[in-house]
Amino acid sequence: MSIADDGQDAGGPAVTIDVRRGNPTDEELAALIAVVSQAYTGEASEAVADDHPRRTGWELAARSMRQPLRRDLGWGRFG
């Protein structure tokens, strides 16, 4: 059994559920979808990304080692 959603209603990616063993009823599949949807919604609402990611120590130290690019040289022998 396979259930597919084209994702056009929610605007999200396509979802596919494949039942590998057993023969679930429509009510059991509806319950599964409800539980997974609720868990996803709860996790997505709690997920927070840092607006200003911290720079690592390597980024701070390596910046002083770099020299400005010489744009007049071109790309190797092709410039």
Side-chain angles (χ1 to χ4, degrees):
M1 174 182 275
S2 177
I3 297 176
D5 177 16
D6 60 4
Q8 292 181 7
D9 294 335
V15 176
T16 303
I17 298 175
D18 293 323
V19 177
R20 303 289 174 123
R21 291 184 182 174
N23 191 14
T25 63
D26 290 340
E27 291 82 17
E28 291 171 335
L29 287 175
L32 171 69
I33 292 170
V35 169
V36 171
S37 298
Q38 180 67 28
Y40 175 77
T41 303
E43 186 173 333
S45 67
E46 294 176 5
V48 180
D50 189 14
D51 291 338
H52 304 288
R54 290 181 151 180
R55 295 179 64 191
T56 64
W58 169 252
E59 288 176 322
L60 294 172
R63 182 144 181 87
S64 63
M65 289 188 260
R66 293 188 209 135
Q67 296 178 3
L69 294 175
R70 292 194 52 198
R71 304 224 183 253
D72 59 327
L73 293 179
W75 290 92
R77 291 188 237 183
F78 303 108

- Item | Any V19 side-chain heavy atom under 4.5 Å of L29 side chain | yes

- Message: Among residues at least two apart in sequence or on other chains, which ones pass side-chain contact (heavy atoms from CB on, under 4.5 Å) with T41?
- Response: none

- Message: As an exercise, state the distance from CD1 of I17 to CG of L32, rounded to the nearest 0.5 Å.
- Response: 5.5 Å

- Is there a donor-acceptor pair closer than 3.5 Å between any side-chain N or O of S37 and the backbone N or O of A34? no

